[in-house]
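Reading through the structure tokens given below for one structure.
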Amino acid sequence: MATNERKDITEITVFSNGPLKVSGNFKLTGSNLKLIETGNEIYLCRCGGSANKPFCDGTHKKIGINDKNV
Amino acid sequence: MDPRERKYSNGEITVYWKPRECIHSSVCYMNLLEVFNPRKRPWVNMSGASTRKIIDVVNQCPTEALTWKWNDEEKNKTVTEADTNHIKFKRPHDFEKKEEDSILEVEQDEPLKIRVMKNGPYIVEGSYVLTRADGSEINMMGMSSFCRCGNSNSMPFCDGNHRKTGFKE
Ligand code: FES
Ligand code: FES
């Protein structure tokens with residue numbers, strides 16, 4: 001049970017054979033910790049093939065994701 | 001500095017372990033149990049394999065929990081990103097200074113931290129609700145890494161496979 005109720009709960013949703021949806025309060029940075037984007041809603045590439053990484057651009061439909069053993 | 005940090009040497013290289021960075025990806029002991037055995041104390045046995053092998057496995061650590069450097073400072077000068085699969089080669093003293101930037105310090109009501117690792121996963125830290133592909137929901141807290149190369153065998157999490165498939169980004 002969540003002990004500290006927060007008004008803005010951040011959620012990550014995994015789409016089967018698709019991206020990760022992140023919604024709520026977040027901060028997206030590169031490995032160098034440089035800010036890329038902050039909340040509200042983004043779709044992050046999970047297939048490795050997007051031409052607009054880290055964001056999803058729909059390429060997963062063409063190349064697929066190793067999601068069989070989820 | 002975290003008092004739990006350790007270093008291990010075989011005379012040629014020193015391996016540094018920062019437990020606070022460890023996300024338990026299991027990459028180290030799955031690949032080289034002779035050296036990295038979490039059930040033993042000390043858990044790192046530097047005489048269990050060749051220097052080359054140890055370097056290879058340390059380079060596969062998805063975070064900077066395990067790093068290494070040559071004991072011979074001269075040799076470190078020539079180490080480039082090509083010699084290490086590390087996201088970004090940093091000597092241990094380099095990141096000690098940057099502790100205040102650490103994504104590990106989560107405060108309440110802080111935004112969820114998502115870090116896009118070069119050639120590797122997303123490292124997520126904070127508390128959030130995860131909805132998996134099958135619709136099940138889990139309350140998550142702490143640090144975990146999500147696959148971004150498409151090839152993990154334990155989706156949605158990274159299992160280190162991005163190294164094998166040579167994911168570059
Ligand atoms: S998940 Fe959509 S482009 Fe990669
Ligand atoms: S990013 Fe690590 S296995 Fe895909």
Side-chain angles (χ1 to χ4, degrees), chain A, chain B residues 62-64 86-88 90 95 98 100-103 106 108-141 144 146-159 161-162 165-169:
Chain A
M1 230 4 255
T3 42
N4 41 30
E5 285 300 336
R6 291 161 42 152
K7 48 184 183 304
D8 47 350
I9 295 168
T10 312
E11 288 181 59
I12 297 185
T13 308
V14 184
F15 285 92
S16 172
N17 291 304
L20 288 176
K21 174 181 159 189
V22 186
S23 56
N25 187 17
F26 64 85
K27 197 170 132 192
L28 180 71
T29 67
S31 24
N32 54 9
L33 296 173
K34 242 209 219 123
L35 188 67
I36 304 175
E37 184 147 342
T38 53
N40 273 310
E41 187 173 291
I42 47 168
Y43 291 84
L44 291 174
C45 174
R46 206 159 69 76
C47 72
S50 170
N52 185 30
K53 287 196 215 64
F55 306 106
C56 166
D57 73 349
T59 302
H60 59 268
K61 287 182 206 137
K62 271 180 256 153
I63 67 171
I65 297 178
N66 183 21
D67 259 355
K68 51 190 180 293
N69 42 9
V70 170
Chain B
T63 65
E64 282 153 353
H86 265 265
I87 297 127
K88 198 166 149 226
K90 289 191 211 156
F95 52 82
K98 294 185 72 188
E100 62 292 359
D101 291 342
S102 167
I103 66 164
V106 189
Q108 251 171 35
D109 289 327
E110 275 224 339
L112 182 70
K113 292 176 186 178
I114 307 169
R115 192 171 165 193
V116 184
M117 302 311 271
K118 186 162 183 268
N119 305 333
Y122 298 109
I123 297 201
V124 171
E125 200 190 7
S127 56
Y128 57 102
V129 177
L130 174 68
T131 308
R132 297 183 67 144
D134 63 3
S136 59
E137 281 188 8
I138 328 168
N139 282 321
M140 300 282 286
M141 225 165 121
S144 40
F146 284 83
C147 174
R148 140 179 133 81
C149 74
N151 290 312
S152 169
N153 287 318
S154 49
M155 285 291 191
F157 304 106
C158 165
D159 71 348
N161 242 345
H162 59 272
T165 54
F167 176 62
K168 287 269 176 288
E169 196 269 327

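Keep in mind that this is a model prediction, so the values were computed, not measured. Below, chains carry the letters A, B, ... as their sequence lines are ordered, and counting in each starts from 1. Computed over heavy atoms, backbone and side chain alike; hydrogens, waters and symmetry mates excluded.
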Of all the heavy-atom pairs spanning [X] and [Y], show the shortest one and how long it is.
{"X": "B:Arg115", "Y": "A:Gly30", "answer": "CG-O, 3.4 Å"}
{"X": "A:Thr10", "Y": "B:Ser127", "answer": "CB-O, 4.5 Å"}
{"X": "A:Asn66", "Y": "B:Met155", "answer": "O-CG, 3.3 Å"}
{"X": "B:Cys147", "Y": "A:Arg46", "answer": "O-CG, 3.5 Å"}
{"X": "A:Lys27", "Y": "B:Pro111", "answer": "N-CB, 4.0 Å"}

Query raised in the report: Top residue by heavy-atom pair count (under 4.5 Å) with chain B, among A:Leu28, A:Ile36, A:Thr38, A:Ile63?
Result: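 The option with the most such pairs is A:Leu28.
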Query - Heavy-atom pair count under 4.5 Å with chain B, highest-scoring of A:Gly48, A:Pro19, A:Gly18, A:Gly64 - result: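 Result: the option with the highest number of such pairs is A:Gly48.
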Can you find a heavy atom in the side chain of [X] that is under 4.5 Å from one in the side chain of [Y]?
{"X": "A:Val22", "Y": "B:Ile114", "result": "yes"}
{"X": "A:Ser23", "Y": "B:Tyr128", "result": "no"}
{"X": "B:Leu112", "Y": "A:Ile12", "result": "yes"}

Requested in this report: Output the residues of residues 50-60 of chain A for which the shortest heavy-atom distance to chain B is under 4.5 Å, in residue-number order; output 'none' if no such residue exists.
Outcome: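 Listed by number, the contacting residues are A:Lys53, A:Pro54.
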Report task. Would you mind checking which part of A:Leu20 comes under 4.5 Å of any heavy atom in chain B, side chain (CB onward), backbone (N, CA, C, O), both or neither? Result ->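 Answer is side chain: those atoms of A:Leu20 sit under 4.5 Å from chain B.
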Requested in this report: Would you sort out whether B:Leu130 and A:Val14 count as a side-chain contact (heavy atoms from CB on, under 4.5 Å), showing the intermediate values?
Outcome: CA-CA 8 Å; B:Leu130 174 68; A:Val14 184; 3.9 Å; yes
**Report entry** Rounded distance [0.5 Å steps], CD in B:Glu137 versus OG1 in A:Thr13
**Finding:**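 Interatomic distance, B:Glu137 CD to A:Thr13 OG1, rounded to 0.5 Å: 8.0 Å.
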Report task. Name all residues meeting the salt bridge (Lys or Arg N to Asp or Glu O under 4.0 Å) criterion together with B:Glu169; count only those two or more places apart in sequence or in a different chain, and write none if there are none. Result ->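 In terms of salt bridge (Lys or Arg N to Asp or Glu O under 4.0 Å), with neighbours along the sequence ignored, B:Glu169 is linked to B:Arg148.
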